[in-house]
Amino acid sequence: MTTPALERIDAAAGAADQLRHWLLHGPAQQRDGAEAGGVAGAIDRDGRARYVYGEITGYYLHWLAQAHDQTSGIRADCAQRALTWVERRYAAVLPATRIMLIEAAPDWRNGAQFFFDLGMLAGGLAQVHKAGLVSVNAGRLRGLSDALPGFLDQQGRLRAALWAQPELAPIPRWSTAGGPFLAKAASRTLMAASLLSLPNTLVSACAAMVDQVHGLGVNSGIGMLHPTLYAMEGALTAQALAPAPLRHWLATLLSLQHSDGSLPEAPGDTGVRRSDVIAQTLRMAVALDVDTHQPQTTAAIDRLADALVARVNARGIAFDPARDPDQANVWCAMFAEQALRAYALTRRGLPCGLRHDEVV
């Protein structure tokens, strides 16, 4: 194995530190106002959040729970702010999917509630509770716990979305049609099952989804890489993990890599090159401990890290710098921080410190 240059490892670790500082001290989490504690999806050039919503707040809680270092005080403060926001917003009824903080056109997502969003939020709450950062009182989250079982259809399978006005639902897309990507939210719902006292029917459906996706190991029919990686991340939490199918799946994704280290949004797509997809793929490679004795695989993983490092700056990381360089994307920052930190540790011959149930 060719040892990566020390400069590459240091650059990855430095970029991870920069993203961590931005996530803990920057504009990602609202510090005041009506939505104090909520976590943004994107930050404009002037440092203002465009919107907050449950899915990303769930990611943030999950990220806070696994960020093992000497920042436990600030992590606990951030977790408490987020919990207070969730208790206020999900006490009885569910808020809009995206709560806009700036004037904007109506968002089609606000016509529905999504199992993915609520599952990630439930899992994040369970993880910060388990980590001892905060104490979660399930009785204050009835809106959330009561809503989750409603995503079971008559056959006891998970539905992706529930529309307030089904007749006005838009043309189905991957996020509304359902499929293997739901394994990620299902795995996080399982993490929260005991905390929120969820019914056995929902627990069984979530477990079945995770097991089903874990057994695929091939292209599931999802053309886009982002939801495909969601499916893999959900399967990664399977208790009896057999990594070979997921490694095969990962090899298929790596075969699509561009020369600059980025990946397409879908096979054959020459447009958007998403930072979250790069980070998810790098993180999956580290978590699966892929065979780095193969020079071609090692080089592909190093290119993923280089591509991410090149996108990190003092303002965070953009969704796609070529298309919107002034937008800082919060979930991309969390994915990239995890990926680069774990990558740097493994390249130094140290445990990556990222358990399968800690992948944001």
The residue among R75, Q127, Q338 that forms side chain to side chain donor-acceptor pair (under 3.5 Å) with Q66 is Q338

I'd like to check [X] versus [Y] (side-chain heavy atoms, cut-off strictly below 4.5 Å). Are they in contact?
X: D260; Y: D306; result: no
X: D357; Y: M191; result: yes
X: L6; Y: D10; result: yes
X: R173; Y: P170; result: yes
X: W85; Y: V52; result: yes
X: V39; Y: Y53; result: no
X: L101; Y: R50; result: no
X: L225; Y: P267; result: yes

Give a yes or no on whether [X] and [Y] share a hydrophobic cluster (residues Ile, Leu, Val, Met, Phe, Trp, Tyr; joining criterion: side-chain heavy atoms under 4.5 Å apart).
X: L198; Y: L121; value: yes
X: W63; Y: L345; value: no
X: L94; Y: F114; value: no
X: F151; Y: W163; value: no

Problem - Axial cation check for W108 ring with R98, 6.0 Å and 45° limits - result: no

A300 meets the side-chain contact (heavy atoms from CB on, under 4.5 Å) criterion, sequence neighbours left out, with L254, Q257, R303

Residue set satisfying side-chain contact (heavy atoms from CB on, under 4.5 Å) with T84, at least two apart, ordered chain then number -> Q80, R88

Polar side chain donor-acceptor pair, D302 to Y343, under 3.5 angstrom: yes

Between atom [atom1] of [X] and atom [atom2] of [Y], what is the distance when rounded to the nearest 0.5 Å?
X: L141; Y: L148; atom1: CG; atom2: CG; value: 10.5 Å
X: D276; Y: H226; atom1: CG; atom2: NE2; value: 5.0 Å
X: S187; Y: Y230; atom1: OG; atom2: OH; value: 12.0 Å
X: L61; Y: L83; atom1: CG; atom2: CG; value: 7.5 Å
X: R274; Y: E265; atom1: CZ; atom2: CD; value: 5.0 Å
X: R157; Y: L152; atom1: CZ; atom2: CG; value: 11.0 Å

Taking [atom1] in [X] as the centre, count heavy atoms belonging to other residues, nucleotides or ligands within less than 6.0 Å. Is the count above 12?
X: Q155; atom1: CD; value: yes
X: Q154; atom1: CD; value: no
X: R45; atom1: CZ; value: no
X: D153; atom1: CG; value: yes
X: D32; atom1: CG; value: no

Distance-only, no hydrogens or angles: does the [X] side chain make a donor-acceptor pair with backbone N or O of [Y] under 3.5 Å?
X: S204; Y: T201; result: no
X: H129; Y: V136; result: yes
X: T176; Y: P172; result: no

In short, side-chain hydrogen bond (donor to acceptor under 3.5 Å, both in side chains) pairs touching residues 308-327 with sequence neighbours left out are S275-R311

With respect to [X], which candidate in [options] satisfies the side chain to side chain contact (heavy atoms under 4.5 Å, CB included) definition?
X: M232; options: V213, L253, V359; answer: L253
X: V360; options: E233, R283, M120; answer: R283
X: M284; options: L282, T281, L288, V286; answer: L288

query: Does the separation of the ring centres of Y59 and F335 fall below 6.0 angstrom?
result: yes

Salt-bridged, D117 to R109, with N to O below 4.0 Å? no

Closest non-hydrogen atoms of L256 and L263, given as atom of the first, atom of the second and distance, are C-CD2, 4.0 Å

